[in-house]
Structure formats: C-alpha cells, structure tokens
S.K.: 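Have a look at the structure that comes next, please.
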Amino acid sequence: MGLLFSSSPKVYKPASEVDLGPGSDELYISPNVKAPRVAGLPVKLFAWVLETPVVGAIVLYFLKKDNLVNKLVSDAEIPEPPLFTAAHTWRDIAEQNASQAKPGLSPAERVQRAVSCIPDLPAPSPSSSSSSSFRRWTVRDFARAYGSGEVTPVMVARRFVAAVEECSGPGLNMAMFISYNPEDILRQAEESTRRYQQGAALSAMDGVLVAVKDEIDCLPYQTTGGTRWLGKARPCVGDAACVAQLRACGAVLAGKTNMHELGAGTSGINPHHGSTRNPYDAGRVSGGSSGGSAAAVCAGLCPVALGADGGGSVRMPAALCGVVGFKPTVGRLSNSGLLPLNWTVGMPGILAATVEDALVAYAAMVDQSRPSHSQPKLNLPSLTSTRSMPNIRLARSAKWFEDSSEDIRVCCDKALQTLRAQYGWETVDVTVPEVEEMRLAHYVTMGSECSASVAKYIEKLDRCEIGWDVRIALSAYGSFSSRAYLNAQRIRRRQMYFHEKIFETADAIVTPMTGVTAYPLQDDALSTGELDYINAAALARYSIAGNFLGLPAITVTAGYDKGGLPVGIQFIGRPWSEATLLHLAYAMQEACSKTNCRKPTVHYDLLKREE
C-alpha cells in the first residue's frame, strides 16, 4: 500500500516483468475518489471557481493530485514508448461455429445472412403479465408480422409516435428523445409498407424502427451532441455511414435520442433536453452517455438503437437498462458521421433488445468499404450451434471482478457457474494489472481529445449555453498537459501488451459491466447536472479496455439486484473476435436472462394485434 500514501510519482517496471498470474502480488487500486456529490448551486459555484484565472488552475492541480492522476499518470515514470491509437492489424483468427460472409455483399444481403444464423424459436407475448414469460419484440418478430400483413410498418410507426409523445409528457417525463419528426417517420413507414405489399421487402430490417443517438448524423435532424448550440455550429449534411447502411436495409430511422451533453458524463442527466429516466424505475438514472438509446430499447420503442461508445457509453446504459450493448473492434464500423469528440477511443455501438438483434444490426453496419484484400474478414456466429462450442476459457481477474456491489458480484458469479454447468465452459484466474492506472489514463486521453475537438466552438460560445457540470468537465479536460497525454499513451501500450498475453490463454475476459446498478436521479441535479464521481467511477470500472485498447466488448443481462434492477455481465474479446463474443452473450442470454426476464415499469407493445 506504500504507493497510495507516498507523494512520489509511480515508477513503472517494464510491462514484460509484470506478473499476470492468479497469485500475482501486483497492487490492485480500487478507485478512491475524493470528491463529494454536489448539484444545484454548489455546482454553479464550483464551475465559476474553476473558470477563474489562476485560482481555477490551483484547485484543479490539487483535485488531480488527490485523485492520483498526477501520481499514476501525469508525473509517472513509464519505460514504454507511447501508443497513440488502438488500431489493430487484421489477424485471421479461428472462431468456433462461425461462417465467413462473402466480401462485397450489400448491407441488406449481410442482414439476411445474419438472420440465417439465428435459431427459429417460438415467441411468447411480450405483453404477458407473467415476468417469467416476458420477452422483448425482436427484429424477426417485426419482420414476421409485416410479412404476414397482420401488422404494417405504418401501424407500428403511429404507435411509436403516440408512445413517444406519452412518455415525453409531464406524466412520465422519460426524456428519451431530443428530436423526432412524425411526418418523416410515417413517410419511411409508408414506403416500407408498400414494399411489403409488393413482396419486395429489402431485408428483415425493412420497416423496423431504429433510434439514433444524437452524436451520430442522421437526416433530417441536426446533430446536437446533447447541447443547445452544436447543431447550429456544425450543420448535418448527410447520414453517418452506419445510418446510411441501415437505411439501405429499409430500417425506419426514428429520431435522435437523448444523451449526456458532449458525452461528458455517465448518468444521462441533461439540463437542456431533460434527464433520461430508467424504464425499470423512473426515479433512477438510465446511464450515459447513450442513455436515451438504452431507455428506448428497454421501453419497447425499438428493437435496435445506435449509440456511441468512448468510455463505455453504450455498454454502461445497456447494463443499467437491461438490454444488450455491443461495441465491436475499433475499425469494424465506420466513424464517418460520428461527432469526433474523442477520436482514438470513440466509435459507434449497438443497443439491442436481444443478442440476435445485435447480430442483425452489426451485420448491416459492418464497414466493408475498403478493398477486400485490406479489410478484416467478417465472421458471423451460427447461434444455432452455440451449445456445441467446447473448450471456451473465460479469464477472470478476482480483485477487479469482485470490486462491485455485493448484489452484482453474487449475480455475476452465479452466471459464470450457470455457464459452466450448462456449457462446460471454464473460468481461469488471471491478473489484469494496473486497472485504475488504465482508467485514469483513459480519462486523460478522452478529456484531452474532447477539449481539442470542441475548442474551436467553445472559443466563440457564451459559456452560459453549456451545462454547469459540463463546464466543470471541460475545465478539467483543458488542464491536462502534453506530458500527461503522452504518459497516458505509454499506459495504453502497457495495457495492450497485458491483454495480448491474457488472450494467449483465454477466449475472452469476463467482468461485471458496472460496479453499481442504476442509482437515484435526484431533483437537485435536473437543472445543473451533478458531480458524482464516486458513482461515475463505479459505473466505468469495467468499461475502459474496450475503448482505450480498441477491443470488442458486449454486455448482456445476467440477472437483477434485490431491488429488481438489471445487472449486466461483460465479455471482452481479442481483436476481431465479434462472432465469439456474440456466441458468449447469446449463451448467457439463454442461460439466465430469458428464464428470468423482468418487464420494465415503462414498456410499450408496438406489435399488438388490432382487436
């Protein structure tokens, strides 16, 4: 424990000398955040202090010192050279029970290939009053209903608009959407309905509602990034690449979902557009920053939504809202049309009702714009044969894994026991070292890149247009030195080495998704945001490797805490192993979630048949 009490910067030994075995004596540092929760007037006062010349710089210095940023990152001595991106060269890895999609397939053709990989199971009604029989409507459910003519995309679109109006009103005030255009949604749905009537549906995604986080370009909407000003400063002139691919499959783009302003938070609290509430308990947070997308899927408004994941921003809210959150390998999806808030750690991601839906959306969105000889091969998992996958090894780092609430720890351990009992998959003990160092290095990286990205806008902006909590975040981001950024990239290289070594003996690393479940949304934060670094650190405890190292990661519900709130478990894979991760998540879903899937308090049935 000498490191924590010493005032000297940490001196790192070479990464190759660090013990990654289960009995490693490497020190595990649980986040020891020294900052009280504040909201309302104290947040405003703190923002004013930090923006005051000289005084603000002094306060920030001591804040970083107290929270180990200086000791573990900025002033540390690190022998490795910096690694400035998390890009991975293509490796043709062998994946069990996966088939390779042919290069050159269109998005719609890839969707149909993905659908062929999914088991055809009976569909109990999502509206059933029995919690044990509840399940969410999926992409295939909508496609079947449309194909039969029992329900049309226009009918579903009208129900969607009515549901959004209801849940956005003063009664519920769920604040899932920043903008949606009923006329545009109905226009798309009418076109899809005509295609089904003509027997010419484009794919299984045709007519399926997809919501888009307001960090991703999607016409006819402006992209605000959760602000009130960015849409004017940066006009949206076209669809993002991932949106264009979904549109080519016939998906109905259903509007722009709410998010934490500039992605600079994990709660989903937004003083400009309302704070997204959790459909399982409207008095609790949805998580962030893709909270609107997670809540929309959770509430049954769409089976798929797009998010952006720069530090767990897809996977954290997915876990809190009890849906699937999937972040592929960096480079697997195009970043074109995504706000460049943190370009070496951020990318689009998928929130979905089920693992099957995540697979279908992923197949549609994969970037295959490069020549076939220079792009990664696309493996699609045969979910019909997940049970026949032998010899799966899941790496578990005990001290890190157990650094969560008791309910989460018990739930995730039980989930691993279930996988072992039903599939025979082995859990192997390892040590993932320097986890807190990685979290702080990611924070320095993400903050520095965000500060640089918005600087040209902020210089011309009246500060009063920015939320109070984000003003504080931007003050902190702008305080990081070039040495801090370089040292953060040295830590990135170390972590890349550690994870490569672990993946030599394991198929994936398994962790809880968050250290806490959804916590209360307090009234004093609604107009100013809040500073709750303790809960923020707990939410982000397991999410960083996916972004900082560009690794694929997926979360799926493993159970519920004593209060009935969802608990997510996460699988982190080696580069380009998306098919394996989808297999693992599907097995977890089948083993745990579908036998104990609880219906959210706020939920809409858009596929109900007309009386």
Side-chain angles (χ1 to χ4, degrees), residues 33-35 38 42-76 82 84 215 225-230 233-234 259-266 270-272 288-289 310-311 313 339-346 439-492 528-533 536-537 540 544 547-548:
V33 180
K34 295 182 178 179
V38 292
V43 169
K44 296 181 180 181
L45 294 174
F46 192 38
W48 286 328
V49 168
L50 294 187
E51 291 169 356
T52 302
V54 182
V55 174
I58 294 171
V59 172
L60 282 166
Y61 171 81
F62 283 104
L63 281 175
K64 290 185 288 185
K65 180 180 178 183
D66 287 346
N67 289 287
L68 301 181
V69 176
N70 292 346
K71 182 189 298 292
L72 299 182
V73 183
S74 304
D75 301 333
F84 291 103
E215 192 176 332
T227 71
R228 286 202 175 278
W229 52 267
L230 188 55
R234 178 195 172 275
M259 60 178 286
H260 207 111
E261 185 178 4
L262 293 179
T266 58
N270 187 311
H272 308 300
S289 62
S313 293
L339 290 181
L341 296 177
N342 27 66
W343 54 89
T344 74
V345 295
R439 185 183 75 85
L440 293 175
H442 170 270
Y443 179 64
V444 169
T445 301
M446 181 184 66
S448 298
E449 293 175 358
C450 181
S451 180
S453 177
V454 302
K456 62 182 178 182
Y457 304 118
I458 299 296
E459 291 169 357
K460 306 172 185 177
L461 197 65
D462 187 334
R463 287 264 173 176
C464 68
E465 294 192 57
I466 307 172
W468 292 98
D469 62 327
V470 175
R471 286 169 64 172
I472 292 169
L474 291 174
S475 293
Y477 295 168
S479 73
F480 295 128
S481 66
S482 57
R483 179 177 179 181
Y485 187 82
L486 285 170
N487 270 356
Q489 309 323 302
R490 297 177 195 275
I491 292 173
R492 194 202 297 256
T528 62
E530 68 178 4
L531 303 182
D532 188 350
Y533 294 122
I544 302 305
N547 302 100
F548 199 45

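Basis for what follows: all heavy atoms, side chains included, without hydrogens, waters or symmetry-related copies.
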S.K.: Given 3.5 Å as the limit, does a donor-acceptor pair link the side chain of R439 with the main chain of A540, or not?
M.R.: no

S.K.: Given 3.5 Å as the limit, does a donor-acceptor pair link the side chain of D462 with the main chain of C464, or not?
M.R.: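 A pair under 3.5 Å: yes.
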
S.K.: Would you please name every residue forming a salt bridge (charged side-chain N to carboxylate O under 4.0 Å, His left out) with R463, sequence neighbours left out?
M.R.: E51

S.K.: Tell me every residue that passes ring pair (Phe, Tyr, Trp, His ring centres under 6.0 Å) with W48, counting only those two or more places apart in sequence or in another chain.
M.R.: W468

S.K.: Is H260 reaching over with its side chain to a backbone N or O of V470, donor-acceptor style, under 3.5 angstrom?
M.R.: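 Side chain of H260 to backbone of V470: no pair is present.
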
S.K.: Quick check: do I466 and I458 have side-chain heavy atoms less than 4.5 Å from each other?
M.R.: yes

S.K.: At what distance, to the nearest 0.5 angstrom, does OH of Y61 lie from CG of D66?
M.R.: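 With rounding to 0.5 Å, OH (Y61) is 10.0 Å from CG (D66).
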
S.K.: Checking A536 now: which residues fulfil side chain to side chain contact (heavy atoms under 4.5 Å, CB included) with it, not counting sequence neighbours?
M.R.: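 If we apply the side chain to side chain contact (heavy atoms under 4.5 Å, CB included) test to A536, skipping adjacent residues, the hits are T266.
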
S.K.: Can you name the nearest heavy-atom pair linking T528 to P271, along with the distance?
M.R.: N-CB, 4.3 Å

S.K.: Restricting to non-hydrogen atoms, name the atom on H442 and the atom on G310 that form the minimum distance, rounded to 0.1 Å.
M.R.: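 Smallest heavy-atom distance, with atoms named: NE2-O, 2.8 Å.
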
S.K.: According to side-chain hydrogen bond (donor to acceptor under 3.5 Å, both in side chains), who are the partners of D532, at least two apart in sequence or on a separate chain?
M.R.: N535

S.K.: For K64 and S479: C-alpha separation, side-chain torsions, deciding distance, then whether side-chain contact (heavy atoms from CB on, under 4.5 Å) applies.
M.R.: CA-CA 10 Å; K64 290 185 288 185; S479 73; 3.1 Å; yes

S.K.: Which pair of heavy atoms, one from V43 and one from V38, lies closest together, and at what distance?
M.R.: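 The answer is CG2-O, 3.3 Å.
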
S.K.: Show every donor-acceptor pair shorter than 3.5 Å between a side-chain atom in residues 447-457 and any protein atom, with sequence neighbours excluded, or say none if there are none.
M.R.:
{"unit_1": "S448", "atom_1": "OG", "unit_2": "V444", "atom_2": "O", "d": "2.7"}
{"unit_1": "E449", "atom_1": "OE1", "unit_2": "W343", "atom_2": "N", "d": "3.3"}
{"unit_1": "E449", "atom_1": "OE1", "unit_2": "T344", "atom_2": "N", "d": "3.2"}
{"unit_1": "E449", "atom_1": "OE1", "unit_2": "T344", "atom_2": "OG1", "d": "3.3"}
{"unit_1": "E449", "atom_1": "OE2", "unit_2": "T344", "atom_2": "OG1", "d": "2.6"}
{"unit_1": "E449", "atom_1": "OE2", "unit_2": "Y485", "atom_2": "OH", "d": "2.8"}
{"unit_1": "S453", "atom_1": "OG", "unit_2": "P340", "atom_2": "O", "d": "2.7"}

S.K.: For E465, enumerate each residue passing the salt bridge (charged side-chain N to carboxylate O under 4.0 Å, His left out) test, keeping only those at least two apart in sequence or located in another chain.
M.R.: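 For E465, no residue satisfies salt bridge (charged side-chain N to carboxylate O under 4.0 Å, His left out) once neighbours in sequence are set aside.
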
S.K.: With sequence neighbours excluded, tell me which residues meet side chain to side chain contact (heavy atoms under 4.5 Å, CB included) with V59.
M.R.: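 So V59 forms a side chain to side chain contact (heavy atoms under 4.5 Å, CB included) with F46, V49, L50, V55, L63.
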
S.K.: Test of understanding: with salt bridge (charged side-chain N to carboxylate O under 4.0 Å, His left out), list the residues that count as partners of R490, not counting sequence neighbours.
M.R.: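 Per chain and number, R490 pairs via salt bridge (charged side-chain N to carboxylate O under 4.0 Å, His left out) with no residue.
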
S.K.: Report yes if some heavy atom in the side chain of M446 is under 4.5 Å from a heavy atom in the side chain of Y477; otherwise report no.
M.R.: yes

S.K.: Just to verify, what does S289 make a side-chain hydrogen bond (donor to acceptor under 3.5 Å, both in side chains) with, not counting sequence neighbours?
M.R.: K213, S313

S.K.: Yes or no on side-chain contact (heavy atoms from CB on, under 4.5 Å) for F84 and R492, after CA distance, side-chain angles and deciding distance?
M.R.: CA-CA 8 Å; F84 291 103; R492 194 202 297 256; over 6 Å; no

S.K.: D75: which residues meet the side chain to side chain contact (heavy atoms under 4.5 Å, CB included) condition with it, sequence neighbours left out?
M.R.: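 Side chain to side chain contact (heavy atoms under 4.5 Å, CB included) check on D75 returns P9, N70.
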
S.K.: How many angstroms lie between atom CD1 of I472 and atom CG of L531, to the nearest 0.5 angstrom?
M.R.: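 Rounded to the nearest 0.5 Å, the CD1-CG separation comes out at 4.0 Å.
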
S.K.: Can you sort out the partners of F480 under ring pair (Phe, Tyr, Trp, His ring centres under 6.0 Å), two or more places apart, ordered by chain and number?
M.R.: Y443

S.K.: Who are the side chain to side chain contact (heavy atoms under 4.5 Å, CB included) partners of T227, not counting sequence neighbours?
M.R.: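 T227 satisfies side chain to side chain contact (heavy atoms under 4.5 Å, CB included) with T224, W229, L230, E261, L262 once adjacent residues are dropped.
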
S.K.: Calculate, to the nearest 0.5 Å, the distance between atoms CD1 and OG1 belonging to I544 and T445 respectively.
M.R.: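 Answer rounded to 0.5 Å: 10.0 Å.
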
